[in-house]
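Any value given below was found using the heavy atoms of this structure, including those in side chains, with hydrogens, waters and symmetry copies removed. Within every chain, numbering begins at 1; the chains are lettered A, B, ... in the order of the sequence lines, protein sequences first and strands thereafter.
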Amino acid sequence: MHVALDANELVQQRQNKLQLLRERGLNPYPNHYQPTHQVVDILGNFPALEGQEVSVAGRMMARREHGKAAFADLYDRSGRIQLYFRQDFLGEEAFKTWLDLVDIGDILGVAGLVFKTRRGEISLEVRQWEILTKSLRPLPEKWHGLKDVELRYRQRYLDLIVNPQVREVFVRRSQIIKGIRAFLDERGFLEVETPSMQPEAGGAAARPFITYHNALQMHFYLRIALELHLKRLLVGGLERVYELGRVFRNEGISTRHNPEFTMLECYQAYADYEDMMRLTEELISRVAEEVLGTTRIAYQGEEINLTPPWPRLTMQEAIRRYAGVDFAAIDVDAEAQEVGRRLGIELTGTEMRGEVMNKVFSEFVEQHLVQPTFILDYPLEISPLAKRKEDDSRLVYRFEAFIACRELANAFSELNDPVDQRERFVAQAEKFARGDAEAQKVDEDFLVALEYGMPPAGGLGIGVDRLVMLLTDSPSIRDVILFPTLRPRED
RNA sequence: GAGCCAUUAGCUCAGCCGGUAGAGCACCGGACUUUUAAUCCGGGUGUCCCGGGUUCGAGUCCCGGAUGGCUCACCA
């Protein structure tokens, strides 16, 4: 891939042209160019601009030669405009130089008169042109675009140049994130930033990345969640906070998992998980409405209706419905394992009741949750940071939102009892000691914060990349991350 | 981490049963002053992913490796 610059003839030809430009006194990399218009301004204001002189800057992407005249396509960030070059308008020398020394892919500034061709296309009759950047490598083909997915990810700039749909996805991603901010800001949430490098990685069940700080002579973990620091801010009285932040999980890569990804977490004092359900469905439907103009979307051929309210189903009901077993009647771990095995689930024999429940859920229920659905009341064993239910101490006030069979949001009434929290951490630490690399450890610093008193609160986490996938109809998370994690290529 | 698939010109791809490398676009030379996948004439530009092996002969068959994709595992 890292072909030496002189490796092939096409590059050599361009380098020769670069040299010739310099010899003719043209700077192939000038410092400055000030276009008067963007392409979209010209296309959108043709009646007012017809016959006027304007200038635009952008990348030349196609050329159609006709002897002593030629057409070219110029793209800027707003769109494409056709350029018309004529020898008798430019003079023989300027015309020939453009013809001989400018290539597809070069970045140009052009000034000329706005007109419409015989075929009705708004175009620019070029009176002056200058090269703004000489391109030394040939671009991928215009008709088929760049298809090689490996090149698309490794050289995303090429993907963006030649595949216009790709740009659309990332424009939309930006709009989605802006929409999330606007929604939360309106409701009085304060956007904050918390550390990415932490002495312990907590707040989720995941293996962390480790890094090393030289001056402090110690290891840090890259965060796997935003949770524990945001809750410290509730203790501090901020009451409504959110962070849109990158988190890092040292796990496998798939169409739904990138090692670094973007999470939204928000926390609201004096709210519970019911409030967070309403917040979740309002947030997602509102963002869809803003970005797509509708809450009825298509994802990979499925019609999905995001209009609130979304149906709610407890995890036990869902399992009863789709797997035909009733965990409410099961109390001991061994009995739960027996039920799991009968359903064909592989178990090691160390699973607790709630862990079996979760496996059964994943295996039998998730595949049915195409339309937005809240699954509520999760087992306590797999929810060490959520508040215990008052009417069933085996469960917690927690829900996940599923859309298109995928977990999109995870939320709960936050556990603020420091004694209970310590016990949960200890249980997690025991699992870690038994070899569960994803279990959490006791976060003493966080416990001290809770001991000062955290108000009752609801918290919500949303996988932003997965939301963007949903709203851009993208099948892979790599389609919504500009530079997804890849193994570096050895040469 | 496992299974399957892919890797051939700058890009998109073909290449049969093993016989010495092909197309379109791009590019180079020529013609052409309103074309738009411009057109017409001429030109193939290559580490067939890498390394071994089998064979008279390997893009093709076998083994190993690299990278990527999909599925699975992992991801409460």
Next on the checklist: Let's go through Tyr84(A) and Phe115(A) carefully: what are the C-alpha distance in whole Å and the side-chain angles of both, what is the deciding distance for ring pair (Phe, Tyr, Trp, His ring centres under 6.0 Å) to 0.1 Å, and is it a yes or a no?
Outcome noted: CA-CA 10 Å; Tyr84(A) 182 46; Phe115(A) 79 110; 5.8 Å; yes
Checklist entry - Could you go step by step and tell me if Glu346(A) and Arg341(A) meet the side-chain contact (heavy atoms from CB on, under 4.5 Å) rule? => result CA-CA 6 Å; Glu346(A) 270 184 45; Arg341(A) 287 218 176 79; over 6 Å; no
What does the list of N/O pairs under 3.5 Å between the protein and nucleotides 30-33 of chain B look like, with a distance for each?
from   : atom 1 : to       : atom 2 : distance (Å)
C32(B) : N3     : Gly67(A) : N      : 2.9
C32(B) : N4     : Gly67(A) : N      : 3.3
U33(B) : OP2    : Lys68(A) : N      : 3.3
U33(B) : O2     : Arg86(A) : NE     : 2.7
U33(B) : O2     : Arg86(A) : NH2    : 3.4
U33(B) : N3     : Asp88(A) : OD2    : 3.2
U33(B) : O4     : Asp88(A) : OD2    : 3.4

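If you measure from atom CE of Met60(A) to atom P of U36(B), you get 17 Å, rounded to the nearest angstrom. Rounded to whole Å, atom C1' of G10(B) lies 13 Å from atom OH of Tyr157(A). Between the C1' atom of U35(B) and the CD atom of Gln82(A) lies a distance of 6 Å, rounded to the nearest Å. One interatomic measurement links the two molecules: CD1 of Ile253(A) to P of U71(B), which rounds to 14 Å at whole-angstrom precision. Put simply, NZ on Lys147(A) is 15 Å from C1' on A6(B), counting in whole angstrom units. If you measure from atom CD of Glu346(A) to atom C1' of C72(B), you get 12 Å, rounded to the nearest angstrom.
The phosphate of U35(B) (OP1 or OP2) has a side-chain N or O of Arg119(A) nearer than 4.0 angstrom. One finds a side-chain N or O of Arg487(A) lying less than 4.0 angstrom from the OP1 or OP2 phosphate oxygen of U67(B). The phosphate of U35(B) has neither OP1 nor OP2 within less than 4.0 Å of any side-chain N or O from Ser123(A). Phosphate proximity of G69(B) to Arg154(A): absent, as no side-chain N or O sits under 4.0 Å from OP1 or OP2. Phosphate contact (OP1/OP2 of U36(B), side-chain N/O of Arg118(A), threshold under 4.0 Å): absent. Regarding contacts with the backbone of U36(B), every side-chain N or O of Arg64(A) stays at 4.0 angstrom or more from both OP1 and OP2.
Cation-pi geometry between Arg86(A) and Phe89(A) is satisfied (NZ or CZ under 6.0 Å from the ring centre, within 45° of the ring normal).
Taking the side chain of Pro140(A) as heavy atoms from C-beta on, and the options C74(B), C11(B), G69(B), the nearest nucleotide is C11(B).
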Checklist entry - Just by protein heavy atoms under 4.0 Å, how would nucleotides 21-28 of chain B read 5' to 3' in B, S and -? => result ---BBSSS
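Taking 3.5 Å as the limit, the base of U34(B) and the side chain of Glu121(A) contain no donor-acceptor pair of atoms between them.
For the residue pair Arg24(A) and Thr97(A), a side-chain donor N or O sits within less than 3.5 Å of a side-chain acceptor on the partner.
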